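Bear in mind that the values here come from a model prediction, so they are computed numbers and not experimental data. Counting from 1, the numbers follow the sequence of the chain as shown.
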Amino acid sequence: QVQLVESGGGLVQAGGSLRLSCAASGRTFSPYAMGWFRQAPGKDREFVAAISWSAGVSDYAEFVKGRFTISRDNAKKMVYLQMNSLKPEDTAVYYCAASAFISRLKEGQANYWGQGTQVTVSS
């Protein structure tokens, strides 16, 4: 079992930055690929970014490429999402997720999910 707790969300003006954190606890962490998803009101949850367990591979949704960066610290059991140049359309609840394979995260599948953290970007 892996428990995931997100933090770092909040209200920011367009063009600003936020750094989301995801703290993992449980028996194992390192073998899992980790990802971030988001869900805006009235919309389906969508993939944002993912990183392999070794941090050697990362992938991003087109709409965040060049603005968001995913990273992880396996020693601390932490995953981060640095979000720069935020836009009002980035407003959503952001979720952390863990999966055995990064490919599954890109398909929207995960073994474990966090509860989410709200990000609101004002214009």
Quiz item: Which distance, rounded to the nearest 0.5 Å, do you find between the SG of C22 and the CZ of R72?
Solution: 9.5 Å

Quiz prompt | Over all atoms of both residues, closest heavy-atom pair of A97 and L105 | solution = CB-CD2, 4.1 Å

Exercise. Using the rule that two of Ile, Leu, Val, Met, Phe, Trp, Tyr join whenever any of their side-chain heavy atoms come within less than 4.5 Å, decide whether F47 and V79 are in one cluster.
Key: no

Quiz item: Same cluster or not: are L86 and Y60 linked, directly or through other Ile, Leu, Val, Met, Phe, Trp or Tyr residues, by side-chain heavy atoms under 4.5 angstrom apart?
Solution: yes

Quiz prompt | Side chain K106, main chain A50, donor-acceptor under 3.5 Å | solution = no

Quiz prompt | Shared hydrophobic cluster for V12 and L81 (ILVMFWY, side-chain gaps under 4.5 Å) | solution = yes

Exercise. Determine, step by step, whether M83 and D90 satisfy the side chain to side chain contact (heavy atoms under 4.5 Å, CB included) criterion, reporting the C-alpha distance in whole Å, the side-chain angles of both residues, the deciding distance to 0.1 Å, and the verdict.
Key: CA-CA 10 Å; M83 306 186 296; D90 292 320; over 6 Å; no

Quiz item: Does the side chain to side chain contact (heavy atoms under 4.5 Å, CB included) test come out yes or no for M78 and S21, once each step is laid out?
Solution: CA-CA 7 Å; M78 295 292 295; S21 298; 3.7 Å; yes

Quiz item: When hydrophobic residues are tied together by side-chain contacts of less than 4.5 Å, even through go-betweens, does F63 share a cluster with Y94?
Solution: yes

Exercise. Using the six-membered ring wherever Trp is involved, compare the ring planes of Y95 and W113 and label them parallel, tilted or perpendicular (cut-offs 30° and 60°).
Key: perpendicular

Quiz item: Could R104 and E107 be called an ion pair, given the rule that one side-chain N must be under 4.0 Å from one carboxylate O?
Solution: no

Self-check item: Main-chain N/O of S54 paired with N74 side-chain donor or acceptor, under 3.5 Å
Solution: no

Quiz item: Can you get from L18 to F37 by hopping between Ile, Leu, Val, Met, Phe, Trp and Tyr side chains that sit under 4.5 Å apart?
Solution: no

Quiz prompt | Heavy-atom check, side chain of R38 versus side chain of E46, under 4.5 Å | solution = yes

Exercise. With the side chain counted from C-beta on, respond yes when T69 and Y80 share a heavy-atom pair under 4.5 Å apart, and no when they do not.
Key: no

Self-check item: Shortest non-hydrogen contact between N84 and S17, atoms and distance
Solution: OD1-OG, 2.9 Å

Self-check item: Atom of S123, atom of P88 and distance for their closest heavy-atom approach
Solution: CB-CG, 3.9 Å

Quiz item: Which atom names give the shortest non-hydrogen contact between V2 and A24, and what distance separates them?
Solution: CG1-CB, 4.2 Å

Quiz item: Can you tell me if CD on Q3 sees more than 12 non-hydrogen neighbours from other groups inside 6.0 Å?
Solution: yes

Self-check item: G116 backbone acceptor or donor facing E6 side chain under 3.5 Å
Solution: yes

Practice problem: Mind checking the CG-NZ spacing from D59 to K65? Nearest 0.5 Å is all I need. | Solution: 6.0 Å

Exercise. Report yes if some heavy atom in the side chain of Y32 is under 4.5 Å from a heavy atom in the side chain of Y112; otherwise report no.
Key: yes

Exercise. Evaluate the side-chain proximity of C96 to W36: yes if any heavy-atom separation is below 4.5 Å, no if none is.
Key: yes

Quiz item: In terms of heavy-atom contacts, does CZ of F101 have more than 12 from other residues, nucleotides or ligands at under 6.0 Å?
Solution: no

Quiz prompt | Where A92 and Q39 come nearest, the two heavy atoms and their spacing | solution = CB-O, 3.4 Å

Exercise. Could you tell me whether the side chain of R45 and the main chain of V93 form a donor-acceptor pair under 3.5 Å?
Key: no

Self-check item: S99 vs Q109 side-chain heavy atoms within contact, under 4.5 Å
Solution: no

Quiz item: How about T91 and Q118: do any of their side-chain heavy atoms sit closer than 4.5 Å?
Solution: yes

